[in-house]
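First comes the structure, then the notes that go with it.
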Amino acid sequence: MIRVEAPAKLNLYLHVTGRRADGYHELDSFVTFTALADTLEIAPANELSLAVSGPFADALGTGDNLAARAAAALAARLGRPADVRIVLQKCIPVAAGLGGGSADAAAVLRGLARLWRLGPEHADDLQDIARGLGADVPVCLHARAAYMAGIGEELSAPPRLPSCAVLLVNPSVPVPTGAIFAARQGPFSAADRFRDSPQGPSALAALLRTRRNDLEPPARARVPEIGQVLDRLGAAPGCLLARMSGSGGTCFGLFADEAAAASAALAIAREHPGWWVQPTHLNHEGEAAGVSTAIGMS
């Protein structure tokens with residue numbers, strides 16, 4: 001049995017730089033990962049099956065699940081049966097801008113690479129399948145901080161980030177990614193990457209304040225609670241930056257230390273019992289680093 005984690009991703013900033021003829025939007029985004037993760041156990045079985053448990057199991061279900069599709073796609077590419085049982089502990093909210101489904105699919109690919117003992121010659125297979133499953137799956141397969149371009153398939157190494165505490169808050173309202181992209185208006189943004197490593201959380205927050213998430217305005221318009229979350233996070237003592245991740249509705253606050261993030265989490269959860277509130281921290285390398293190296297992904 002193989003156990004693999006699927007860490008939640010954060011878009012520290014997200015600029016929409018254009019739109020292709022096929023309708024897909026092109027991006028410039030700095031993506032990193034948190035210590036919050038779904039957990040998957042993958043074991044040999046007679047046929048492909050998926051069982052889901054955890055706090056967000058009911059919201060996810062098992063119909064047309066991206067994790068099962070990843071297993072079926074890799075098996076088809078290899079010309080072998082998808083004879084595995086996947087048990088998913090779902091701890092990342094669904095449709096929340098944290099890449100939960102993409103992270104699960106990527107974790108299945110990494111787990112099967114270990115279970116089926118795939119070597120570096122299969123790195124292209126894994127990456128091709130990741131690209132076919134969704135825009136966030138390639139960066140989640142990499143599972144380390146990266147600059148993301150194109151429609152998500154172009155990854156490059158970013159500067160090293162400082163250690164930061166993070167507070168994740170979601171108003172418990174699902175946000176449909178396609179509708180948010182469709183509602184985006186105005187001119188496209190330029191790519192705006194920074195090269196030097198920020199020296200501490202305050203320096204990182206200062207750099208990010210000169211950038212933005214272009215999907216935040218349409219997400220706020222569709223789900224006004226997102227604005228309430230951002231206002232409350234921004235007002236928390238010690239919060240250096242409050243921003244929405246991805247297409248929403250999860251927002252994050254950057255903090256210099258975990259004690260400040262934990263204190264803010266307690267206060268916000270007490271004031272808004274219907275919100276999902278989760279303190280965590282940035283996890284720049286990710287548990288997938290060793291697996292990525294083993295299958296030839298630098």
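All residue numbers in this chain count up from 1 along the given sequence.
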* State, yes or no, whether a side-chain contact exists between Leu98 and Pro93 at a heavy-atom distance under 4.5 Å. => yes
* To do: Starting from the C-alpha separation in whole Å, work towards a yes-or-no answer on side chain to side chain contact (heavy atoms under 4.5 Å, CB included) for Trp276 and Leu168.
  => CA-CA 8 Å; Trp276 175 77; Leu168 305 175; 3.7 Å; yes
* Sequence neighbours excluded, which residues qualify as side chain to side chain contact (heavy atoms under 4.5 Å, CB included) partners of Thr177? -> Phe181, Ser247
* Would you say Leu233 and Phe252 make side-chain contact, with heavy atoms under 4.5 Å? -> no
* Kindly compute the distance separating CD1 (Ile42) from CG (Leu112), expressed to the nearest 0.5 Å. => 4.5 Å
* To do: May I ask you to decide if Cys91's main-chain N or O and Asp38's side chain share a donor-acceptor pair within less than 3.5 Å?
  => yes
* Would you please name every residue forming a side-chain hydrogen bond (donor to acceptor under 3.5 Å, both in side chains) with Asn213, sequence neighbours left out? => none
* Asked: Are there more than 12 heavy atoms of other residues, nucleotides or ligands under 6.0 Å from atom CZ of Arg20?
  -> yes
* Heavy-atom pair of closest approach, residues Ser102 and Cys140 -> O-CB, 3.9 Å
* Test salt bridge (charged side-chain N to carboxylate O under 4.0 Å, His left out) applied to Arg222 - qualifying residues, sequence neighbours left out -> none
* May I ask you to decide if Gln89's main-chain N or O and Thr39's side chain share a donor-acceptor pair within less than 3.5 Å? => no
* **Candidate pair Asn170 and Val229, rule side chain to side chain contact (heavy atoms under 4.5 Å, CB included), full reasoning** => CA-CA 7 Å; Asn170 186 292; Val229 169; over 6 Å; no
* Can you name the residues that form a ring-ring contact (aromatic ring centres under 6.0 Å, His included) with His281, not counting sequence neighbours? -> none
* **Those residues that, when tested against Glu271, pass side chain to side chain contact (heavy atoms under 4.5 Å, CB included) (two or more places apart)** => Arg232, Ala267
* Asked: Is it true that a side-chain atom of Ser263 and a backbone atom of Ala260 form a donor plus acceptor pair closer than 3.5 Å?
  -> no
* Side-chain donor or acceptor of Thr250 paired with backbone N/O of Ala96 under 3.5 Å -> yes
* Asked: Got a sec, which residues hit side-chain hydrogen bond (donor to acceptor under 3.5 Å, both in side chains) with Asp128, two or more places apart in sequence or on another chain?
  -> Arg131
* Asked: If only atom types and distance count, is the side chain of Ser245 paired as donor or acceptor with the main-chain N or O of Gly97 below 3.5 Å?
  -> yes
* Asked: Would a distance-only check, ignoring hydrogens and angles, find a side-chain to backbone donor-acceptor pair under 3.5 Å from Asp136 to Gly99?
  -> no
* To do: Return the minimal non-hydrogen interatomic distance between Gly100 and Ile92, and the atom names on each side.
  => CA-CG2, 4.0 Å
* What's the spacing between Ile2 CD1 and Trp116 CH2 if we round to 0.5 Å? -> 12.0 Å
* Main-chain N/O of Ala191 paired with His15 side-chain donor or acceptor, under 3.5 Å -> no
* Do side-chain atoms of Arg220 reach the backbone of Pro224 as a donor and acceptor pair under 3.5 angstrom? -> no
* List the steps, then state whether side chain to side chain contact (heavy atoms under 4.5 Å, CB included) holds for Lys9 with Val139. => CA-CA 9 Å; Lys9 64 92 182 171; Val139 74; 5.5 Å; no
* To do: Sorted by first residue and then second, give each salt bridge (charged side-chain N to carboxylate O under 4.0 Å, His left out) pair with at least one member in residues 198-211; sequence neighbours left out.
  => Asp192-Arg211
* **Sequence neighbours excluded, every pair satisfying salt bridge (charged side-chain N to carboxylate O under 4.0 Å, His left out) that has a member inside residues 239-266** => none
* Structure fact -> Those residues at least two apart in sequence (or on a different chain) that pass side chain to side chain contact (heavy atoms under 4.5 Å, CB included) with Val175 are Ile180, Val223, Ile226
* Asked: Between Ala70 and Leu109, what is the shortest heavy-atom contact and its length?
  -> O-CD2, 3.7 Å
* To do: Please name the residue in the list Val166, Thr280, Asn283, Leu10 that meets the side chain to side chain contact (heavy atoms under 4.5 Å, CB included) test with Leu36.
  => Thr280
* Can Asp28 and Thr17 be counted as having a side-chain donor-acceptor contact under 3.5 angstrom? -> no
* Structure fact -> Quick note, ring pair (Phe, Tyr, Trp, His ring centres under 6.0 Å) partners involving residues 188-226, not counting sequence neighbours, are Phe30-Phe194
* To do: Sequence neighbours left out, what pairs pass side-chain hydrogen bond (donor to acceptor under 3.5 Å, both in side chains) with at least one residue falling in residues 178-187?
  => none
* Asked: With hydrophobic residues grouped by side-chain heavy-atom distances under 4.5 Å, do Ile268 and Leu254 end up in a single group?
  -> no
* Could you tell me whether a side-chain N or O of Gln127 sits under 3.5 Å from a main-chain N or O of Asp125, the two making a donor and an acceptor? => no
* **Sidechain-backbone polar pair: Asn11 side chain, Tyr13 backbone, donor-acceptor under 3.5 Å** => no
* In chain order, what residues pass the ring-ring contact (aromatic ring centres under 6.0 Å, His included) check against Phe255, with sequence neighbours excluded? -> none
* **Pairwise distance CD(Gln228) to CH2(Trp275) - rounded to 0.5 angstrom** => 6.0 Å
* **Working for side chain to side chain contact (heavy atoms under 4.5 Å, CB included), residues Leu14 and Met244** => CA-CA 10 Å; Leu14 191 161; Met244 188 184 80; over 6 Å; no
